*Asks:* 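Here you go, one structure.
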Amino acid sequence: MSSNSYVHLRNVERGRTDWKIKIRIIREWRGISLTGERFKGYNLLLLDAKNVRMVAYVPEWLTEKMQKLFTVGNMYTVTNFQVKQYTANDKWRCVNNDRQILFTNNTTAKQIHESEYFIPNNHFDFFEMEELSNLAKQNVYLADVVGVVIKRDNLRPVRNTKLGTDQMQVRMKMTDGKKKINVIFWDKFAEEFQQDIDSNQYEEPLILIIASGKVGVWKEETDICNFSPTAYFINFKHHSVQQLRKLISEANFSLHINYSTSQPRKPLRFCTVEEIKNFNQDYILQEVVCQVHIKFVEDNETWFYPRCTTCYKQIQFVEGNHICIRCKRRVPHPDKKFAICVLASDKTGDIEIILMDRPVRYAFGKNVFDVLQQYKGKFPTMFKSLENQDYTMKLQILEVNIQKQSEMYLATDMFKGFSFDGNCLNEETNVKATEISAREISGSSYHLDNISET
């Protein structure tokens, strides 16, 4: 092989330093020490025309020179560098190969214009989410994943009890249509992600690529978080994103997208009944606080509903068996959750509300099974004690309230009286998707899909 020939990254090996390659720089990062300090040397992720990726390390004493020479996103011809073999101590690699490049003082580079050569703007080696549980058992490789964000919380501080300090965190849940995983972004990475979301109007639902994420398991659930090389891409121009966008509308895929807080939550605010009934689509899946007087509690048999213990959907009673249509199985011992219909009002008008499980448990200190045993399956007369009482409630605004003008609203939390404390109703709750059938107070039947309860 002529020393003047360009080679692809898969062919560079140890033993020579006169290599010549054509690459695009697609990422840059610095490692972090065990004490949290960033290394002064830094890493570049290179991509060639054969979609081969390789990491190049820039030592500390060459940092200033190389930062002037290279810009992320550009293509270059690069000559004269060393090739090093990874060792067993090289953990959390962002590419699946056994070598890396080491730039030296003899390394030179020249930019290639886009019209002269073609290298893709990026490349990913995606894992299916079903495979991630196995990847969590090792510490050699990071993972690329792509999925639809079906739940997202805003940036918030979380106490690190080991360090005695607060860390910033963004929590999400995403799915590829087959499995769901938890996503946790930390510290500056989380802050930059939140700023990106706040500054741009992305198409919803977000389709997120996480490149070089660190996979783990927490409380038997797979999660992925950011590490030094991690990057994220929102609604990126990539065939995987286009494919997911098309699949979202398909029935088998949409079963996984039951509840989404992907829209940034508005600050919790106090609203009158009249204001709530006049909300526009910007308030879909948002929460608001109202102060109402409960006038009437509906006395009927639908004060609770059976729920699947796997997918948290309402289940049906068919031929003597509880059947979950979604899981396609019998549920021998279903969970049961409160859903009480009340008529309430303030000075601006009346409002029909379903008190979900959390507020009812708050009011009476009992779960459905306790009440069933106490009242032998009959309508619990204790619910009537809610009548002629004042409550401050947190309501969740659903799509059916806005687009189908349903006048039945969900109360996910409440406390007695009109002494409004924003902190009391602004705590994070673990929301799980469900589905419930009930009757309106007027007596007509209705069905609310994909409501959430706490």
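Keep in mind it's a predicted model, so treat the numbers as computed, not measured. We count residues from 1, following the sequence as given.
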*Asks:* Around atom NZ of K84, are there more than 12 heavy atoms of other residues, nucleotides or ligands at under 6.0 Å?
*Replies:* no
*Asks:* Name every donor-acceptor pair, under 3.5 Å, that has one atom in a side chain of residues 118-126 and the other anywhere in the protein, sequence neighbours excluded.
*Replies:*
none

*Asks:* If you look only at pairs with a residue in residues 90-106, which of them pass as a salt bridge (charged side-chain N to carboxylate O under 4.0 Å, His left out), with sequence neighbours excluded?
*Replies:*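 Matches after skipping sequence neighbours: none remain.
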*Asks:* For residues Y57 and F103, establish whether the separation of their ring centroids is below 6.0 Å.
*Replies:* no
*Asks:* I'd like to know if the side chain of N278 reaches the main chain of E274, judged simply by a donor and an acceptor atom lying under 3.5 Å from each other, with no hydrogens or angles considered.
*Replies:*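 Answer holds: yes.
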*Asks:* Restricting to side chain to side chain donor-acceptor pair (under 3.5 Å), what partner residues turn up for N139, sequence neighbours left out?
*Replies:*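 So N139 forms no side chain to side chain donor-acceptor pair (under 3.5 Å) with any residue.
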*Asks:* Provide the full list of salt bridge (charged side-chain N to carboxylate O under 4.0 Å, His left out) pairs with a residue in residues 230-246, sequence neighbours left out, each pair given once.
*Replies:* E203-R245
*Asks:* Determine, for F304 and K336, whether the Lys NZ or Arg CZ falls below 6.0 Å from the six-membered ring centre while staying within 45 degrees of the axis.
*Replies:* no
*Asks:* Can you name the nearest heavy-atom pair linking E204 to L206, along with the distance?
*Replies:*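 So the minimum-distance heavy-atom pair works out to OE1-N, 3.6 Å.
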*Asks:* More than 12 non-hydrogen atoms from neighbouring residues, nucleotides or ligands closer than 6.0 Å to CD on Q67, yes or no?
*Replies:*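 Buried by this count: over 12 neighbours within 6.0 Å.
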*Asks:* Decide if atom CD of Q138 counts as having more than 12 heavy atoms of other residues, nucleotides or ligands within a radius under 6.0 Å.
*Replies:*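 Yes, CD of Q138 has more than 12 neighbouring heavy atoms, counting only those of other groups under 6.0 Å.
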*Asks:* Where do D144 and R53 land on the salt bridge (Lys or Arg N to Asp or Glu O under 4.0 Å) test, with the steps shown first?
*Replies:* CA-CA 13 Å; D144 298 344; R53 299 178 301 167; 3.3 Å; yes
*Asks:* Ignoring hydrogens and geometry beyond distance, is a side-chain donor-acceptor pair present between Q194 and D198 at under 3.5 Å?
*Replies:*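 Yes, D198 and Q194 have a side-chain donor paired with an acceptor closer than 3.5 Å.
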*Asks:* For D176 and K178, indicate whether the former's side chain and the latter's backbone hold a donor-acceptor pair under 3.5 Å.
*Replies:*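 Pair found, side chain donor or acceptor close to backbone of K178.
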*Asks:* Ring centres under 6.0 Å, that's the criterion: do Y117 and Y6 meet it?
*Replies:* no
*Asks:* Got a sec, which residues hit ring pair (Phe, Tyr, Trp, His ring centres under 6.0 Å) with Y141, two or more places apart in sequence or on another chain?
*Replies:* none
*Asks:* Does CD belonging to E131 count more than 12 external heavy atoms closer than 6.0 Å?
*Replies:*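 Result for CD/E131: enclosed.
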*Asks:* Side-chain donor-acceptor pair under 3.5 Å between Y283 and N401, yes or no?
*Replies:* no
*Asks:* In terms of side-chain heavy atoms, does Y86 have a donor or acceptor partner in N97 at a distance below 3.5 Å?
*Replies:*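 Side-chain D/A pair, Y86 to N97: absent.
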*Asks:* Determine, using ring centers only, whether Y391 and F415 are less than 6.0 Å apart.
*Replies:*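 No, the ring centres sit 6.0 Å or more apart.
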*Asks:* Give me the one residue out of K151, R171, K173 that meets side chain to side chain donor-acceptor pair (under 3.5 Å) with N182.
*Replies:*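 Exactly one pass, corresponding to K173.
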*Asks:* Can you list everything that forms a side chain to side chain donor-acceptor pair (under 3.5 Å) with N106? Sequence neighbours excluded, please.
*Replies:* none
*Asks:* Given side chains that start at C-beta, do those of T412 and R358 come closer than 4.5 Å, heavy atoms only?
*Replies:* no
*Asks:* If you draw a 6.0 Å radius around CD in E64, do more than 12 non-hydrogen atoms from other residues or ligands fall strictly inside?
*Replies:*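 No, CD of E64 has 12 or fewer neighbouring heavy atoms, counting only those of other groups under 6.0 Å.
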*Asks:* Assert yes or no for the condition that the ring centre distance of F338 to Y305 is strictly below 6.0 Å.
*Replies:* no
*Asks:* Is the backbone of V170 close enough, under 3.5 Å, to the side chain of R156 for a donor and an acceptor to pair up by distance?
*Replies:*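 A pair under 3.5 Å: no.
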